[in-house]
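I have placed the structure first, in the form of structure tokens, so that the comments after it can refer back to it.
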Amino acid sequence: MDHNQSFADYEASALLAIAGALSAGDLEEVRIEYLGKKQGRLKDLQAVLGQVPPDQRPAVGMKFNAIKDRVTSAWESRKEQLAKPKQSESWIDVTLPGSRREIGSRHPLSQTIGEFKGIMARFGFDVEEGPEVEDEWHNFVALNIPDDHPARNPLDNFYLSVASSTNPEARLLRSQTSTVQIRTMEHRPPPVRIVSVGRVYRPDPVDATHHLMFHQMEGLMIGPDVTMSSLKTVLRLFAASYLGEGTVVRFRPSFFPFTEPSVEFDARRGTGWLELGGAGMVDPNVLRACGYDPEQVSGFAFGLGIARFCMMRHGITDIRHFYDNELRFLKQF
Ligand code: FA5
């Protein structure tokens with residue numbers, strides 16, 4: 001056989017045997033067979049070298065040595081590899097629990113808003129939107145809040161600009177979602193059944209139940225024979241749906257310029273009561289300001305504090321938690 005072929009066969013089968021050795025014992029057998037000095041395949045290969053004509057011997061000898069070196073170094077690196085403990089055995093403990101990746105969740109107020117809209121949709125109420133930056137017409141005038149009413153005091157509102165000769169329209173951050181009642185009636189003919197949810201802004205002193213920015217849900221229902229008892233039924237059903245069947249609620253006579261009669265709506269919390277919202281029958285002046293005929297239609301409206309409901313349901317005692325973005329609080333929802 002040609003010596004080149006013998007060299008190639010030797011190298012290929014030696015490298016295969018080395019790679020296939022799975023233990024130090026296997027590898028020792030391979031060494032004896034392929035690299036043994038007294039007998040074995042290397043000896044056979046040396047015999048092949050002996051048959052090469054003397055003038056070619058130096059070149060073929062170099063080839064022989066190179067092959068021997070390659071096989072020897074493959075054998076040594078396999079030996080080192082087998083001596084090392086297997087990485088997977090030393091540093092992966094497959095019985096340990098995996099590291100959990102933190103994923104966020106929806107803010108409790110967003111969850112509450114979603115539920116509110118869902119409940120009101122089942123009662124047949126559409127959702128309307130309105131801007132947070134308002135003009136005085138929608139925030140006050142059309143809501144029957146006259147110029148000299150204390151609610152219009154600039155110190156009780158977040159004004160962004162005041163009216164002047166060059167700027168006829170003052171702008172402010174809306175102080176209530178009742179602005180959306182007006183916007184809805186301006187573009188929709190009766191009957192109307194809507195809710196609108198969003199942020200409102202008031203420079204109230206911040207405490208456990210008050211914030212400077214908070215969320216309200218406005219409701220408006222206008223039709224040929226909407227009455228105070230329709231209002232009470234909707235609010236009672238709403239409270240039972242969100243807070244649970246056994247929730248005790250009460251209606252207290254109150255005053256709002258845009259409703260007559262007006263009530264405040266509370267739920268029992270422990271031994272006391274928590275005010276959840278204001279409501280009433282839409283004042284005829286408001287209906288007229290929006291182009292509705294109070295002889296033809298009547299309606300009710302309500303404005304609920306969203307965080308207050310969420311506080312009631314989850315036993316949260318301080319409204320500030322909702323706006324602090326403290327993870328320990330947010331993770332409970
Ligand atoms: C109003 O805002 C009226 N627009 C409600 C209304 C609508 C009456 C339609 C009649 C018809 P009031 O200022 O009471 O009303 O606020 C309503 C609710 O918002 C309160 O009952 C309370 O739940 C919540 N609220 C009021 N002020 C704050 C505040 N500073 N922080 C958190 N929640 C508040």
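Just so we're clear, the structure is a prediction, and the values are computed from it rather than from any experiment. Whatever order the structure lists them in is the order used to number ligands and atoms, beginning at 1. Note that the numbering runs from 1 along the sequence shown for the chain.
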Are any of the N/O atoms in [X] less than 3.5 Å from those in ligand 1?
X: Gln216; answer: yes
X: Glu218; answer: no
X: Gln181; answer: no
X: His211; answer: yes
X: Phe214; answer: no
X: Ser175; answer: no
X: Leu276; answer: yes

Which protein non-hydrogen atom lies closest to [atom], naming both residue and atom, and how far is it?
atom: atom 6 (C) of ligand 1; answer: Gly278 O, 3.4 Å
atom: atom 20 (C) of ligand 1; answer: Glu275 OE2, 3.3 Å
atom: atom 15 (O) of ligand 1; answer: Phe256 CE2, 3.4 Å
atom: atom 30 (N) of ligand 1; answer: Asp204 OD2, 2.8 Å

Taking the six-membered ring for Trp, are the ring centroids of [X] and [Y] within less than 6.0 Å of each other?
X: His149; Y: Phe140; value: no
X: Phe116; Y: Tyr242; value: yes
X: Phe329; Y: Tyr323; value: no
X: Phe123; Y: Phe125; value: no

Should [X] and [Y] count as an ion pair when the cut-off is N to O under 4.0 Å?
X: Asp9; Y: Arg41; answer: no
X: Arg193; Y: Asp126; answer: no
X: Glu129; Y: Arg183; answer: no
X: Lys68; Y: Glu11; answer: no
X: Lys79; Y: Glu28; answer: no

Would you please determine whether [X] falls within less than 4.0 Å of ligand 1 on a heavy-atom basis?
X: Ser262; result: no
X: Phe258; result: yes
X: Ser178; result: yes
X: Leu212; result: no

Note to self: Main chain of Asn153, side chain of Asn157: is a donor-acceptor contact present, judged purely on distance under 3.5 Å?
What the structure shows: yes

Within ligand 1, which atoms have a heavy atom of [X] less than 4.0 Å away?
X: Ile319; answer: 32 (C)
X: Thr259; answer: 10 (C), 11 (C)
X: Ala301; answer: 9 (C), 11 (C)

Margin query: Heavy atoms only: which of Arg202, Met311, Gln176, Arg308 lies closest to atom 12 (P) of ligand 1?
Written below: Arg202

Note to self: If you take the nearest heavy atom of each of Ala151, Ala307, Gly305, which one is closest to atom 24 (C) of ligand 1?
What the structure shows: Gly305

Notebook entry, point to check: Out of His211, Arg174, Gln176, Glu132, which residue meets the side-chain hydrogen bond (donor to acceptor under 3.5 Å, both in side chains) rule with Tyr201?
Noted result: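 Testing Tyr201 for a side-chain hydrogen bond (donor to acceptor under 3.5 Å, both in side chains) against His211, Arg174, Gln176, Glu132 leaves exactly one candidate, Glu132.
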
Next item on the list: Indicate yes or no: at least one non-hydrogen side-chain atom of Ile222 is less than 4.5 angstrom from one of Leu287.
Entry: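 Ile222 vs Leu287: side chains touch.
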
Check: What do we get for Thr209 next to ligand 1 when only non-hydrogen atoms under 4.0 Å count, side chain, backbone, both or neither?
Finding: backbone

Notebook entry, point to check: Phe333 ring centre to Arg106 NZ or CZ under 6.0 Å, with the angle to the axis within 45°?
Noted result: no

